[in-house]
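Reviewing the structure listed below.
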Amino acid sequence: MIEDKNQQSTPLSDLGEFGLIDHLTKNFKIKHTSTIRGIGDDAAVLEFKNKKIVVTNDLLVEGVHFDLSYMPLKHLGYKAVIVNLSDVYAMNASATQITVSIAVSNRFPLEALEDLYAGIETAANIYNIDVVGGDTTSSTTGLLISVTAIGEVETGAEVYRSGAKPNDLLVVSGDLGGAYMGLQVLEREKEVYKVNPNSQPDLEPYSYIIERQLKPEARKDVVKLLSDLKLKPTSMIDISDGLSSEIIHICKQSKVGCDLYEEKIPLDPQVISTCEEFNIDSTTVALNGGEDYELLFTISQDDYPKIKANPNFSIIGHIKEESEGMHLVTRAETRIPIKAQGWKNFNA
Ligand code: ADP
Ligand code: MG
């Protein structure tokens with residue numbers, strides 16, 4: 001398991017609330033002209049001229065969304081930012097600012113929060129985001145982290161879940177199921193570790209899927225690519241809860257049906273081999289696993305030439321009339337209705 005390398009342990013009470021906030025946020029530099037005032041006043045002040053603004057928030061709770069026995073705090077900070085940016089990009093917007101709120105119990109020393117903020121800072125730098133505020137409070141149980149992301153989009157360029165039309169193509173970026181299988185491997189190693197703390201797991205064969213779970217990326221590049229291709233999707237959503245759940249969101253909100261082809265679902269070889277090892281069906285994992293943070297979108301058939309040769313995208317199906325329903329067309333060509341499953345949290 002990943003040990004905290006930081007040996008020091010300074011109690012948070014040594015700093016006090018304001019000292020802590022200053023300490024954690026002192027490195028953040030403003031990058032965007034839309035940020036008029038960042039951290040340090042009662043509220044941040046932003047100015048977006050004539051752009052549309054998108055706002056989104058995600059709350060991550062220890063024991064529900066993350067397990068610190070295998071999630072290093074630096075990765076957690078990074079991931080907490082990424083999951084929010086992914087929602088901004090899913091609107092075809094560019095992310096510009098975040099606020100970060102944390103609730104921490106006294107079992108966390110200052111060094112732990114430094115690690116968390118190092119991850120936040122890394123994500124903010126890589127994705128070119130200003131951290132413009134937040135809140136800091138204590139918790140009697142575990143760690144909570146809530147991130148709000150703000151983004152901007154040219155009026156008319158925003159993409160909703162509701163715009164898919166019959167005959168549109170259903171497209172997904174990247175590959176699916178990796179984050180879920182990475183979690184399966186980490187959970188297994190955690191159990192092994194409990195029995196034998198001296199065991200040294202060889203995680204090398206799982207490096208890609210573990211990274212998908214512990215250090216996901218958001219598809220900022222896809223938004224840029226779509227813009228370069230002058231391609232506006234008719235609908236878009238990010239894949240946080242699994243492909244079937246997201247397809248259902250698009251179909252319900254667009255009042256359409258769809259055919260999704262099992263053989264077209266993009267899977268990394270490591271996902272396939274790990275599914276074999278765990279005796280899990282890889283299609284089920286792609287459909288119902290979560291946290292891949294890829295973008296799922298629909299495009300008009302006329303736009304097909306713009307994406308057909310692009311290795312970032314897979315065409316996995318097409319949109320139909322609502323009355324035709326939503327189906328998975330299997331390799332054996334049977335048609336199975338797509339059902340929502342989502343994952344963990346409430347139905348765990
Ligand atoms: P207030 O009393 O108005 O809530 P705070 O003392 O909580 O103000 O916060 C002071 C400043 O630091 C504000 O700009 C706030 O947005 C920012 N801030 C507080 N906590 C955090 C945090 N965890 N991460 C980033 N910024 C924070
Ligand atoms: Mg406050």
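Keep in mind that the numbers below use all heavy atoms, side chains included, and drop hydrogens, waters and symmetry copies. Order of appearance sets the numbers: ligands from 1, and atoms from 1 within every ligand.
- For Ser101, no nitrogen or oxygen atom sits less than 3.5 Å from a nitrogen or oxygen atom of ligand 1, counting backbone and side chain alike.
- Within the structure, ligand 1 has Tyr117 among the residues with a heavy atom less than 4.0 angstrom away.
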For residues 307-319, tabulate all N or O donor-acceptor pairs below 3.5 Å that involve a side-chain atom, not counting sequence neighbours.
from   : atom 1 : to     : atom 2 : distance (Å)
Asn310 : OD1    : Asn312 : N      : 2.8
Asn310 : OD1    : Asn312 : ND2    : 2.9
Asn312 : OD1    : Arg219 : NH2    : 3.4

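- Side-chain polar atoms of Tyr206 and Glu189 form no donor-acceptor pair below 3.5 angstrom.
- Comparing Leu113, Thr136, Asp41 against atom 21 (C) of ligand 1, the shortest heavy-atom distance belongs to Thr136.
- Close contacts between ligand 1 and Gly133 involve ligand atoms 16 (O), 25 (C), 26 (N), 27 (C) [criterion: under 4.0 Å to a heavy atom].
- Within the set Gly38, Gly134, Gly40, the minimum heavy-atom distance to atom 14 (O) of ligand 1 is found for Gly40.
- Using a 3.5 Å distance cut-off with no hydrogens or angles, the side chains of Asp281 and Thr284 do pair a donor with an acceptor.
- Per-residue contacts place Phe18 under 4.0 angstrom from the following atoms of ligand 1 (heavy atoms of the residue considered): 6 (O).
- Inspection of the Ser146 and Asn57 side chains reveals an N or O donor paired with an N or O acceptor under 3.5 Å.
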Less than 3.5 Å apart, which donor and acceptor atoms pair up between the side chains of residues 255-269 and the rest of the protein, not counting sequence neighbours?
from   : atom 1 : to     : atom 2 : distance (Å)
Asp259 : OD1    : Arg335 : NH1    : 3.4
Asp259 : OD1    : Arg335 : NH2    : 3.0
Asp259 : OD2    : Lys320 : NZ     : 3.2
Asp259 : OD2    : Arg335 : NH1    : 3.1
Glu262 : OE1    : Arg331 : N      : 2.8
Glu262 : OE2    : Thr283 : OG1    : 2.6
Glu262 : OE2    : Arg331 : NH1    : 3.2
Asp268 : OD2    : Gln270 : N      : 2.8

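- For ligand 1, the atoms sitting less than 4.0 Å from at least one non-hydrogen atom of Thr25 are 24 (N), 25 (C), 26 (N), numbered in the order shown with element in parentheses.
- With hydrogens and angles left out, the side-chain atoms of Glu111 and Ser9 include no donor and acceptor closer than 3.5 Å.
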